[in-house]
2 protein chains.
Amino acid sequence: MARHAQLELDLQLCFPLYAASRALTKAYQPLLDPFDLTYPQYLTMLALWSSPDDQTVGALGDRLRLDSGTLTPLLKRLETRGLVRRHRDPADERRVLVTVTEAGDALQDDLAHVPGALVDRIGMTLDDGIALRRLLDKLLASLDDGDGLAVGAAS
Amino acid sequence: MARHAQLELDLQLCFPLYAASRALTKAYQPLLDPFDLTYPQYLTMLALWSSPDDQTVGALGDRLRLDSGTLTPLLKRLETRGLVRRHRDPADERRVLVTVTEAGDALQDDLAHVPGALVDRIGMTLDDGIALRRLLDKLLASLDDGDGLAVGAAS
DNA sequence: CACAATTCAATCGCGCACAATACAATCACC
DNA sequence: GGTGATTGTATTGTGCGCGATTGAATTGTG
């Protein structure tokens, strides 16, 4: 027994969140393996597809809440695979713009089944899904206090 | 716009879970920095403190849902810091037992304030916390289907 | 008892994830 | 125009996290 009751692992909110996130990521992997994508790469492609324009690394990072330390190598790997192209923004050469290639775009069709398959895998009710989503958004919003990140602005 | 509506990043349940988990982990860091602990190390200490007996790497891994590829180096670092000791189980030498040292045990008192401080940081209502916890457990349970991991057995 | 099958932790290889730092480009101000 | 301050991305260093593999120990079977 832990000496302090509040230190019991089973009483931590953080732990199930941490565990569930990893488990969900893991559940995606068999669906993404045929396309040789990791889960963060999948999310990155989602973010890129959702915008009609090229996005900067920074904007992508804001969206995905990842910094360039993570994104740059990840995008480089996607570029090596021919799914995206990265080039300096002529209007401000500090910025790097990310373009989805034709191959990257076509992948959209290949992956269209993934969200549905995952929902089937989870077997969660719509109500529970919506409630979970709401609570997570709330948690994220409160953790964002003082961070200045735009949460819903892109929606 | 994504060509397929279900591929919109904002419609994914997985993404807020992923983002919230990382944000929560990040929120812990300032509280753990004075003790030179990372969040996974903190969880590991929690798991160790909650048991009166030495735990094997495997049991710890079951508890934390981490495999030895992650745990072994993590425990080695904790051992280097004198917080735990690792030794082979004489009853079955395939197993490694993990003992909390006096220093590791004393850390419990130092960290007793952390969960409360985090709850203050989040500012989430008790009801929301309980609901979130319930939904996460539910999600974890469904993702565990077929994995054979003991979910509540340790409680 | 001998040997195949299984188990357990460690290792290997790779991809994250992030704080700190570096560098070039741009902005702000005089 | 010149210079200091700020910005945006890349790099560096470290700690995960996990699938695949390895080596030793244990278990199961004949």
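Since the model is a prediction, treat every value here as computed from it, not as a measurement.
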For chain A, the stretch of DNA chain C it reaches, first to last nucleotide, under 4.0 Å of its heavy atoms: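 Terminal contacting nucleotides, 5' to 3': C/dG15 to C/dT26.
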Salt bridge (charged side-chain N to carboxylate O under 4.0 Å, His left out) between A/Arg88 and A/Glu93, worked out: CA-CA 6 Å; A/Arg88 287 283 161 177; A/Glu93 290 184 34; over 6 Å; no
Using atom [atom1] of [X] as one end and atom [atom2] of [N] as the other, report the distance to the nearest whole Å.
X	N	atom1	atom2	value
A/Asp62	D/dG8	CG	C1'	11 Å
B/Glu93	D/dG23	CD	P	18 Å
A/Asp67	D/dT14	CG	C1'	14 Å
A/Leu75	D/dA10	CG	P	8 Å
A/Leu97	D/dT9	CG	C1'	12 Å
A/Leu37	D/dG19	CG	P	17 Å

Hey, are the side chains of [X] and [Y] touching, using non-hydrogen atoms and a 4.5 Å cut-off?
X	Y	value
A/Gln6	B/His113	no
A/Gln41	A/Leu74	yes
A/Pro115	B/Leu7	yes
B/Arg121	B/Leu31	no

Reference residue A/Tyr42; test ring-ring contact (aromatic ring centres under 6.0 Å, His included); the match among A/Phe35, A/Tyr28, A/Trp49: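 Among the candidates, only A/Tyr28 passes.
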B/Leu83/B/Asp105 under side chain to side chain contact (heavy atoms under 4.5 Å, CB included): CA gap, chis, key distance, verdict: CA-CA 8 Å; B/Leu83 298 179; B/Asp105 192 58; over 6 Å; no
Side-chain H-bond candidate by donor/acceptor type, B/Arg63 with B/Ser51, under 3.5 Å: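 On atom types as modelled, these side chains do not qualify, holding no pair under 3.5 Å.
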Pick base, sugar-phosphate or nothing for [X], based on heavy-atom distances below 4.0 Å to the nucleic acid.
X	value
A/Gln29	nothing
B/Gly69	base
B/Leu71	nothing
A/Asp92	sugar-phosphate
B/Thr56	sugar-phosphate
B/Thr38	sugar-phosphate

Proximal nucleotide (of D/dA25, D/dG17, D/dG8) relative to the A/Tyr18 side chain: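 The answer is D/dG17.
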Can you find a side chain N or O atom of [X] that sits less than 4.0 Å from OP1 or OP2 on [N]?
X	N	value
A/Arg94	D/dT9	no
A/Lys76	D/dT9	no
A/Thr72	D/dA10	yes
A/Arg22	D/dC16	no
B/Arg77	D/dT14	no

Nearest-nucleotide 5' precedence on DNA chain D, B/Leu66 against A/Val96: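 Nearer the 5' end of the strand: A/Val96.
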A/Tyr39 or A/Asp89, whichever maps to the more 5' nucleotide of DNA chain C: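 So the residue in question is A/Tyr39.
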